[in-house]
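Below is one structure, written out as structure tokens; the observations come after it.
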Amino acid sequence: MAISNGMISLTLSPPLPSSNKPPPNSISTSINTIRVAFQGSPGAYSEFAAKTAIPSCTTLPCRSFSDAISSLSLNLADHAILPVESTMEGTALRNYDFLLRHPLFITQEINLFVHYCLLAIPGVLPTHLKTVISHPMALAHCHRSLTRLGLNRQPVEDTAGAVEMLLDNRLLDTAAIASPRAAQLYGLNVLAHGLQDESWNVTRFLILSKHPNNNNNNNIVDPLTPAAAAAGAAAANHDEQIVIRKTSIVIAHRGGCMLVILKVLKAFSSRNLNMTKLEVINHDEEEEGKSPVMILDVRLDGKKGSLRAFPHVLYVDFEGSMEDFRVREAIDEISKFSVFVRILGTYSADPNVYDLHY
């Protein structure tokens, strides 16, 4: 275990607090402060997403996503936060693999508008710049802007890490791409706002835990039920917010993808269950460079489980929870024609997109 530049490899450094307005379904805290592990340096987008989701948490910077996940099993953190998909990259982030390989549960989602800025040490002018450093994905998202600026691109581990490199080495001919909050945090000048090629650039983050959610909240209901209708009417009269629950599952099957998809759609639509995500993964053996999806199967012993390889997988998000008999019926129906179904978690659906540009 080692510490380097304030980040950890299985050893966590003291957190750097920040403040955000909480989302309506944020996890509440009691006596003990909730610890959330994230990949990157203080000021990374993942840290701001964690602080937005759980405003009173302490954040634990980690060198890698794997270290963030390991911090849970080592009891160094209560939650880990991972970016899983974006409007520009789709699910190319592939961080779902970390969730599938471990006995973890999704407890919350948060959607963050990613606003890229060009940051430099105070006194540095745009005409002084020759190079820009940032996470490879940030550089790709800002390709057109950087081409117009004529800057050489140098990838680093993360956006906030680029800011730290800028300061540690006093780079006066180099800028970093990071968030406006990182500029405030590190005392840098913002030379340009909104560098991203696409104006609508949103990343979805999932908050993970070793334990499933406790849904003992009167304002959280399953959709399309009499209870939901009654609760919604009562909330409207008292200006309260009713939060719909969402469940994520992964389905492993034997192939014949279109037929399986149609059967899954039927299982949900026939019960008036609203599906919000369907992703198809097919990694046939003859396809080079594609390996099967590894999923932890805990059905045998209920604890440690074993990793199994599945070439054909569906990711599904839908509105509802296992407390709803329609959901249980749908899962039972899907289990009859699939190899394996794993519940990844039930959590409050949050349709809001949170913005750090303020």
Side-chain angles (χ1 to χ4, degrees), residues 84-85 87 90-97 99-101 104-109 111 204 206 212-213 215 220-232 242-287 290 292-300 305 308-351:
V84 292
E85 57 195 71
T87 52
T91 53
L93 301 173
R94 286 266 56 88
N95 281 335
Y96 277 109
D97 293 348
L99 170 60
L100 299 181
R101 289 169 177 264
L104 301 175
F105 297 91
I106 303 170
T107 58
Q108 194 173 344
E109 66 175 351
N111 296 293
R204 182 189 184 210
L206 296 179
N213 260 337
N215 291 313
I220 300 180
V221 299
D222 288 315
L224 302 175
T225 63
I242 294 298
V243 180
I244 301 300
R245 278 186 286 187
K246 179 189 286 187
T247 296
S248 295
I249 65 174
V250 60
I251 304 166
H253 59 94
R254 298 179 180 86
C257 189
M258 186 54 65
L259 180 59
V260 173
I261 291 174
L262 292 174
K263 288 182 177 180
V264 170
L265 291 173
K266 176 181 175 295
F268 288 104
S269 64
S270 63
R271 295 171 175 86
N272 289 325
L273 293 171
N274 183 35
M275 188 182 297
T276 60
K277 172 187 171 71
L278 174 62
E279 181 184 356
V280 181
I281 302 293
N282 280 319
H283 290 173
D284 294 319
E285 293 181 0
E286 60 269 17
E287 293 186 76
K290 291 187 176 181
V293 178
M294 303 299 295
I295 304 177
L296 185 68
D297 186 350
V298 296
R299 292 177 298 175
L300 297 179
R308 299 178 60 189
F310 298 101
H312 307 288
V313 169
L314 301 178
Y315 296 105
V316 177
D317 291 351
F318 60 90
E319 292 180 348
S321 75
M322 296 303 292
E323 297 175 12
D324 187 337
F325 74 93
R326 298 168 304 148
V327 171
R328 295 194 298 271
E329 288 181 352
I331 298 298
D332 289 343
E333 181 176 329
I334 293 170
S335 298
K336 292 176 182 177
F337 59 80
S338 63
V339 178
F340 174 55
V341 178
R342 177 176 154 189
I343 311 298
L344 301 178
T346 295
Y347 47 97
S348 301
D350 189 353

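Within the 3.5 Å criterion, the main-chain N or O of R271 finds a donor-acceptor partner in the side chain of R326. No donor-acceptor pair closer than 3.5 Å links the side chain of S248 to the backbone N or O of G345. At distances below 3.5 Å, at least one donor-acceptor pair connects side-chain atoms of N213 with backbone N or O atoms of T346. Panel note: side chain R328, backbone M322; a donor-acceptor pair is recorded below 3.5 Å. Distance alone, capped at 3.5 Å, is enough to place a donor-acceptor pair between the N111 side chain and the D350 backbone.
Rounding to the nearest 0.5 Å places CZ of R254 at 10.0 Å from CZ of F310. One distance of note links CG of L296 with CG of L99; it measures 10.0 Å at 0.5 Å rounding. To the nearest 0.5 Å, atom CZ of residue R245 and atom OG1 of residue T247 are 8.0 Å apart. For the atom pair I251 CD1 and R342 CZ, the distance stands at 13.5 Å (nearest 0.5 Å). For the atom pair CZ of F340 and CG of D297, the computed distance is 4.0 Å after rounding to the nearest 0.5 Å. Here the straight-line distance linking atom CG of L273 with atom CG of D324 works out to 6.0 Å at 0.5 Å rounding.
Counting all heavy atoms, side chain and backbone alike, E109 lies closest to A349 at OE2-CA, 3.4 Å. In plain terms, the two heavy atoms of F268 and M275 that are nearest each other are CD1-CE, 3.3 Å. A252 and S338 make their closest contact through O-CB, 3.4 Å (heavy atoms, listed as atom of the first residue, atom of the second, distance).
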Show your reasoning for whether side-chain contact (heavy atoms from CB on, under 4.5 Å) applies to V293 and Y96. CA-CA 10 Å; V293 178; Y96 277 109; over 6 Å; no
Could you give me the CA-CA distance, side-chain angles and deciding distance for T276 and E319, then say whether side-chain contact (heavy atoms from CB on, under 4.5 Å) is met? CA-CA 7 Å; T276 60; E319 292 180 348; 4.1 Å; yes
Determine whether D317 and L344 satisfy the following criterion, side-chain contact (heavy atoms from CB on, under 4.5 Å), listing intermediate values before the conclusion. CA-CA 10 Å; D317 291 351; L344 301 178; over 6 Å; no
Can H253 and N282 be said to form a side-chain contact (heavy atoms from CB on, under 4.5 Å), step by step? CA-CA 10 Å; H253 59 94; N282 280 319; 4.3 Å; yes
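Applying the side chain to side chain contact (heavy atoms under 4.5 Å, CB included) test between Y315 and each of I281, L278, V84, I249 identifies I281 as the sole match.
Contact check for K277 versus K246: no side-chain heavy atoms found under the 4.5 Å cut-off. Counting heavy atoms from C-beta outward, I343 and F105 have side chains that stay 4.5 Å or more apart.
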